[in-house]
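Scroll down for the structure; my scribbles are underneath it.
Numbers here simply count residues along the sequence, with the first being 1. Everything quoted here is computed from the prediction, not taken from an experiment.
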Amino acid sequence: MPHPDPSIADTGVRVMVSRADFPALIAVLRDEGHRVIGPTVRDGAVVLDDVAGVDVLAAGWGDEQEGGRYRLVRRDDGALFGHGAPAQSWKRFLHPPRVRLWRAEGNRDGFTVTDGAEESPRQAFIGVRACELMAIRIQDKVFHTPTATDPVYAGRRRGAFIVAVACGQAGGTCFCASMGAGPAVGPGHDIAVTELMDGGRHDFLMEAGSDRGAEVLRRLPGRPAAEADLAAAANLVRRTAEAMGRTMEADHAALLRESLRSPHWERVAQRCLGCGNCTMVCPTCFCTTVEDTTDLGGTSAERWRLWDSCFTLEFSYIHGGPVRRQTASRYRQWITHKLSTWHEQFGTSGCVGCGRCITWCPVGIDITEETRALGLERRAEQGGGDGSGGGA
């Protein structure tokens, strides 16, 4: 689905901004009334939070990410975006984990019901990775369609200014290249940034993806981008794609449809804790539940929408008990929806290859390895392989 702002276009505005002048971007966005959010360092991880100035960004920090492992490490080059995917996704700022839907207040005539949602904020996101930008486009198909629109998401999405960042190095658990989600920035941004540190320089190639992005760039100090700058950015992204250590099975959608009765699900279940971490950090998972609360006096009531997970027993509960009682069935539901039936619903995969589900799984279950194990099993059944291998 296209960006809600119809002005999105390739404006051709491309400028080079030095590291010393990068704070001007934040200043301009704040002057326009945006709440600026970007990658910062807190609690031993890169997390998304308010950014009042460039000094708050995760400058000079990188990370080591592997299955069930995250470690923040110092870089020696001062890169602003030299880390992998932050611990959180941008989803929380467009599809908040907790939203009040309505509030009812008692009075003499009964109850007065008011809309509980807050006014949509103007937010500017700095440092949106290519995979995360695709995740936002995927969520557009869930929450913001011509036939079904979530007003909370639509309002936040409409007011969002997106500064996307091309990845300069492959993350430890990412596989966006095999999902067609990166590392080059795709459509849907207002400004695309590539951090260039070759030859001792520290500059940022900034390219406008919308009319409002072009207007912001015209207010920044800088020089027009040269062909050599564009070539350096293209080479950086190409090297990042080539360095990616994980890939997803090419035919994963069909593979998952054909593997519903595979014994491999029980092998995964022996390791899976059913904690739901993978769904909480996923940038596209959208499951929610509803919670009603009342005060002790019975004079007011509220209805809240909360993030939920298909890994909880209650999620599939109907009269008589939950449909998916076993961990194996819940994991199968999640990965099969993400990689296969999502195509039938929304026309794309539900996975963008950010690797968060691998990093933040307590036992290091790897979605690419589990899918590869299913592929080996399927090919062995068809006489095309020995079926050896399995999950990491």
Subject >> Which residues share a side chain to side chain contact (heavy atoms under 4.5 Å, CB included) with Q326, sequence neighbours left out >> reply: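 For Q326 the side chain to side chain contact (heavy atoms under 4.5 Å, CB included) partners, ignoring immediate neighbours, are S329.
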**OP:** Check side chain to side chain contact (heavy atoms under 4.5 Å, CB included) between A254 and all other residues, then give those that pass, not counting sequence neighbours.
**Re:** R257, E258
When you measure from the side chain of [X] to the backbone N and O of [Y], does any donor-acceptor pair fall under 3.5 Å?
| X | Y | result |
| --- | --- | --- |
| D229 | A226 | yes |
| H34 | L29 | yes |
| R356 | Q88 | yes |
| D295 | T299 | yes |
| T145 | K141 | no |
| T294 | A301 | no |

Original post:
Excluding sequence neighbours, so at least two apart, what forms ring-ring contact (aromatic ring centres under 6.0 Å, His included) with F143?
Top reply: H95, Y153
**OP:** Enumerate the residue pairs fulfilling salt bridge (Lys or Arg N to Asp or Glu O under 4.0 Å) with a member in residues 312-339, sequence neighbours excluded, ordered by first and then second residue.
**Re:**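 Found none.
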Subject >> salt bridge (Lys or Arg N to Asp or Glu O under 4.0 Å) contacts touching residues 167-177 (sequence neighbours left out) >> reply: none
To the nearest 0.5 Å, tell me how far [X] [atom1] sits from [Y] [atom2].
| X | Y | atom1 | atom2 | result |
| --- | --- | --- | --- | --- |
| I26 | L57 | CD1 | CG | 5.0 Å |
| R137 | H189 | CZ | NE2 | 10.0 Å |
| D203 | R223 | CG | CZ | 6.5 Å |
| I37 | D50 | CD1 | CG | 6.0 Å |
| L273 | T327 | CG | OG1 | 8.5 Å |
| L205 | L236 | CG | CG | 10.5 Å |

Original post:
Can you list every pair that meets side chain to side chain donor-acceptor pair (under 3.5 Å) and has a residue in residues 339-351, with sequence neighbours left out?
Top reply: H337-Q345
Quick one, [X] and [Y] - any side-chain contact, counting heavy atoms below 4.5 Å?
| X | Y | result |
| --- | --- | --- |
| P86 | E132 | yes |
| V142 | F346 | yes |
| L256 | I335 | yes |
| Q139 | L94 | no |
| Q333 | S316 | no |
| W61 | R74 | yes |

Electrostatic pair [X]-[Y], nearest N-O below 4.0 angstrom:
| X | Y | result |
| --- | --- | --- |
| D366 | R246 | yes |
| E215 | R219 | no |
| R267 | E377 | yes |
| R372 | E369 | yes |

Who are the salt bridge (Lys or Arg N to Asp or Glu O under 4.0 Å) partners of [X], not counting sequence neighbours?
| X | result |
| --- | --- |
| D63 | none |
| R305 | D150 |
| E249 | R379 |

Subject >> Neighbour count >12 (heavy atoms, 6.0 Å) for atom CD, E242 >> reply: yes
**OP:** Could you go through the ring pair (Phe, Tyr, Trp, His ring centres under 6.0 Å) check for F204 and H202 one step at a time?
**Re:** CA-CA 7 Å; F204 298 87; H202 194 169; 5.3 Å; yes
Path from [X] to [Y] over hydrophobic side-chain contacts below 4.5 Å:
| X | Y | value |
| --- | --- | --- |
| Y70 | I358 | no |
| F81 | V216 | yes |
| F93 | M134 | yes |

Donor-acceptor pairs are to be reported for all side-chain atoms of residues 160-181 against protein atoms at under 3.5 Å, with residues two or more places apart or in another chain.
residue: Q169; atom: OE1; partner: R75; partner atom: NH1; Å: 3.0
residue: Q169; atom: NE2; partner: G82; partner atom: O; Å: 3.4
residue: T173; atom: OG1; partner: G355; partner atom: O; Å: 3.1
residue: T173; atom: OG1; partner: T359; partner atom: OG1; Å: 2.8
residue: S178; atom: OG; partner: F175; partner atom: O; Å: 2.9
residue: S178; atom: OG; partner: M248; partner atom: N; Å: 3.0

**OP:** Each residue besides W307 in its hydrophobic cluster should be listed here, by chain and number; the cluster joins Ile, Leu, Val, Met, Phe, Trp and Tyr at side-chain heavy-atom distances under 4.5 Å.
**Re:**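 Noted: W307 shares its cluster with M280.
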Original post:
If you link I, L, V, M, F, W and Y whenever their side-chain heavy atoms are under 4.5 Å apart, who else ends up in the same group as L306?
Top reply: W304
Original post:
What's the shortest heavy-atom distance between L72 and A45, and which atoms?
Top reply: CD2-N, 4.0 Å
